[in-house]
Amino acid sequence: MVPPPSTPSLDSQQIQQFLSSVLSQRGPSSLPYTEDSKWLIRQHLLSLTSRYPSLQPKTATFTHNDGRSVNLLQADGTIPMPYQGVTYNIPIIIWLIESYPRYPPVVYVNPTRDMIIKRPHPHVSPSGLVSIPYLQNWIYPSSNLVDLVINLGSAFSHDPPLYSQRRSNPNPNPPNYGQQQQPPPLRVAAAGYPPSPYGRAQPSQTEDAAEVYKRNAVNKLVEMVHGDIIKMRKEREAEMEGLFSAQGVLRKREEEVNKGLKEMQDEKEALEQQLQVVLMSTDVLAGWVRENEGKIKNLGKNNDSVDVDEVFHCADVLSKQMLDCTAADLAIEDVVYSLDKALQEGAVPFDQYLRNVRLLSREQFFHKATAAKVRAAQMQAQVASMAARAPHSHYAP
């Protein structure tokens with residue numbers, strides 16, 4: 001069994017306070033997780049520590065393969081591994097990378113000083129990097145850390161990843177952690193594997209040069225493909241942004257076109273109404289001209305005996321009333337103008353001027369009001385007349 005860690009484990013309340021504190025930080029010291037994913041990260045870690053108290057959440061510096069260093073959350077501790085009826089504790093570190101939980105975490109086996117990673121191992125690289133089907137088939141948001149640990153224990157129980165250094169050859173049996181052995185000389189893990197974030201060197205073992213070359217070539221191809229995918233994704237995102245911008249411009253232009261079309265339709269309707277009024281007035285004037293053509297000829301023959309008051313004859317009572325009101329209105333306007341000039345010349349006293357203007361204004365108001373009512377009645381009569389003549393003018397053979 002792996003001895004318990006030297007640092008005391010945190011209780012549930014302390015873990016909640018720790019996660020709330022580190023995930024709520026802002027500024028340069030904040031963790032590089034998106035705001036919409038921090039709540040889910042907190043829930044995943046709380047569920048993990050509640051199920052497996054041996055795993056403790058921490059913050060540490062993680063170094064990517066490209067040399068970038070970033071401060072991330074990790075779950076450091078041991079997970080249970082049943083093997084041949086005995087449960088062993090496997091030390092691991094689960095790193096929550098920046099894209100978690102949309103993408104799987106990075107898991108490393110963290111061997112102690114008297115442990116060696118088994119080579120070759122189907123799920124653990126010489127540098128300690130773990131790769132199991134659950135990580136490869138990570139599905140957001142259903143995948144979580146508790147199920148990950150369960151799958152890790154199941155995978156390791158079929159083939160333990162660690163063995164004791166006191167054994168000369170890799171053995172599928174789990175290590176006996178009760179005895180301490182002097183470790184042999186160590187060297188850095190073989191090239192081609194991602195470096196372990198905790199920087200522990202691995203013991204020297206002979207590897208086939210062809211396998212190392214093949215592994216390096218595969219890793220290089222994976223890095224190239226990954227870089228190409230990232231580049232294509234950025235290009236597609238930029239293209240999508242351009243298309244969204246063009247769509248916004250087109251929608252704005254569509255609104256402007258629809259607005260202009262509606263204004264043109266309203267203007268067309270207004271012009272059609274004005275055209276109807278003009279046509280009605282034209283018919284009225286044409287009828288008047290036809291009725292008075294004979295009078296014009298008679299006036300031409302008898303120029304000497306033309307009476308100005310007899311030149312125009314009112315066709316009906318409304319027309320005569322309109323003529324009288326209009327004439328009285330204009331006459332009062334002339335009288336008021338003459339009174340103004342007389343007052344300026346001093347021919348009329350001021351009090352007499354005010355009294356006369358008051359009387360004339362009252363009379364002029366009544367004439368204008370009567371003229372407005374007569375005009376409205378004439379308009380109704382004209383509309384009724386046009387409506388009566390319309391069927392004959394439009395449907396006559």
For this session: Assess whether side chain to side chain contact (heavy atoms under 4.5 Å, CB included) is satisfied between Leu148 and Val107, documenting all intermediate values.
Result: CA-CA 10 Å; Leu148 170 62; Val107 182; 4.0 Å; yes
Problem set entry | Verdict with supporting geometry, His123 and His158, side chain to side chain contact (heavy atoms under 4.5 Å, CB included) | CA-CA 11 Å; His123 302 303; His158 292 87; over 6 Å; no
Exercise. Should Lys220 and Asn216 be marked as a side chain to side chain contact (heavy atoms under 4.5 Å, CB included) after you check the CA-CA gap, both sets of side-chain angles, and the distance that decides it?
Worked result: CA-CA 6 Å; Lys220 184 65 176 178; Asn216 292 341; over 6 Å; no
For this session: Go through Arg102 and Thr34 one step at a time and tell me if the side chain to side chain contact (heavy atoms under 4.5 Å, CB included) criterion holds.
Result: CA-CA 11 Å; Arg102 298 184 181 276; Thr34 58; 5.5 Å; no
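The shortest side-chain heavy-atom distance between His44 and Leu96 does not fall under the 4.5 Å cut-off. No side-chain heavy atom of Leu31 sits less than 4.5 Å from a side-chain heavy atom of Leu72. With contacts defined as side-chain heavy-atom distances shorter than 4.5 Å, the pair Ile92/Val130 does not qualify. Between Met240 and Glu237, every side-chain heavy-atom pair lies at or beyond the 4.5 Å cut-off. Between Tyr88 and Pro160 there is no side-chain heavy-atom pair separated by less than 4.5 Å. Side-chain contact between Pro101 and Ser143 is absent, with no heavy atoms from C-beta onward closer than 4.5 Å. Looking only at side-chain heavy atoms (C-beta outward), Met81 and Leu152 stay at 4.5 Å or farther from each other. Residues Leu145 and Leu55 form no side-chain contact, since every pair of their non-hydrogen atoms from C-beta on lies 4.5 Å or further apart.
Closest non-hydrogen pair, Pro82 versus Gly153, comes out as CD-O, 4.3 Å. Listed here is the closest heavy atom pair of Arg26 and Lys38: NH1-NZ, 3.7 Å. In terms of heavy atoms, Thr78 sits closest to Pro91 at CG2-CA, 3.9 Å. Residue Tyr100 comes nearest to Trp138 through the heavy atom pair CE1-CZ2, 3.5 Å, listed as atom of the first residue, atom of the second, then distance. For Pro105 against Leu135, the heavy-atom pair with the smallest separation is O-CD2, 3.8 Å. Residue Ile150 comes nearest to Tyr52 through the heavy atom pair CG1-OH, 3.3 Å, listed as atom of the first residue, atom of the second, then distance.
A single hydrophobic cluster is seen to contain both Leu354 and Leu343, as judged by linkage of ILVMFWY side chains at heavy-atom distances under 4.5 Å, directly or through other members. Grouping the Ile, Leu, Val, Met, Phe, Trp and Tyr side chains by contacts below 4.5 angstrom, directly or via other members, places Leu40 apart from Val146. Residues Trp95 and Val70 share a single hydrophobic cluster, defined by chaining ILVMFWY side chains whose heavy atoms lie under 4.5 Å apart. Under a hydrophobic clustering in which Ile, Leu, Val, Met, Phe, Trp and Tyr are joined whenever their side-chain heavy atoms come within less than 4.5 Å, directly or via other members, Val86 and Met115 fall into the same cluster. Using a 4.5 Å cut-off between side-chain heavy atoms of Ile, Leu, Val, Met, Phe, Trp and Tyr, with links allowed through other members, Tyr337 and Tyr353 fall into different hydrophobic clusters.
Residue Gln13 places its CD atom among 12 or fewer non-hydrogen atoms of other residues, nucleotides or ligands, all under 6.0 Å distant. At most 12 non-hydrogen atoms from other residues, nucleotides or ligands lie less than 6.0 angstrom from CD of Glu267. Other residues, nucleotides and ligands contribute over 12 non-hydrogen atoms within 6.0 Å of the OH atom of Tyr140.
In this structure, CD1 on Ile117 lies 7.5 Å from CZ on Arg119, to the nearest 0.5 angstrom. The structure places CD of Gln74 at 8.0 Å from OG1 of Thr59, a figure rounded to the nearest 0.5 Å. Atom OG of Ser69 sits about 8.5 Å away from atom NE2 of His64, to the nearest 0.5 Å. Note: Lys58 NZ to Ile93 CD1 = 7.5 Å, rounded to the nearest 0.5 Å. Tyr33 contributes atom OH, which lies 15.0 Å from atom CZ of Arg42 (distance to the nearest 0.5 angstrom). The OG1 atom of Thr370 sits 10.5 Å away from atom CG of Asp324, with the distance rounded to the nearest 0.5 Å.
Side-chain atoms of Thr49 come within 3.5 Å of backbone N or O of Leu45 as a donor-acceptor pair. With hydrogens and angles disregarded, a donor-acceptor distance shorter than 3.5 Å links the side chain of Ser157 to the backbone of Ser154. Judged by distance alone, the side chain of Thr282 and the main-chain N or O of Val278 form a donor-acceptor pair under 3.5 Å.
Between Glu255 and Lys259 no salt bridge is recorded (no basic side-chain N to carboxylate O distance below 4.0 Å). Checked for salt-bridge contact, Glu239 and Arg236 meet the test: a charged N lies under 4.0 Å from a carboxylate O.
Applying the salt bridge (Lys or Arg N to Asp or Glu O under 4.0 Å) test to pairs two or more places apart or on separate chains, none has a residue in residues 120-147.
Ring pair Phe156/His121 is perpendicular by interplanar angle, where above 60° counts as perpendicular and below 30° as parallel.
Side chains of Asp329 and Gln364: a donor-acceptor N/O pair is present below 3.5 angstrom, by distance only. Between the side chains of Asp316 and Ser319, a donor-acceptor pair is found at a separation under 3.5 Å.
Apart from Val225 itself, the hydrophobic cluster it occupies contains Ile229, where clustering links Ile, Leu, Val, Met, Phe, Trp and Tyr at side-chain heavy-atom distances under 4.5 Å.
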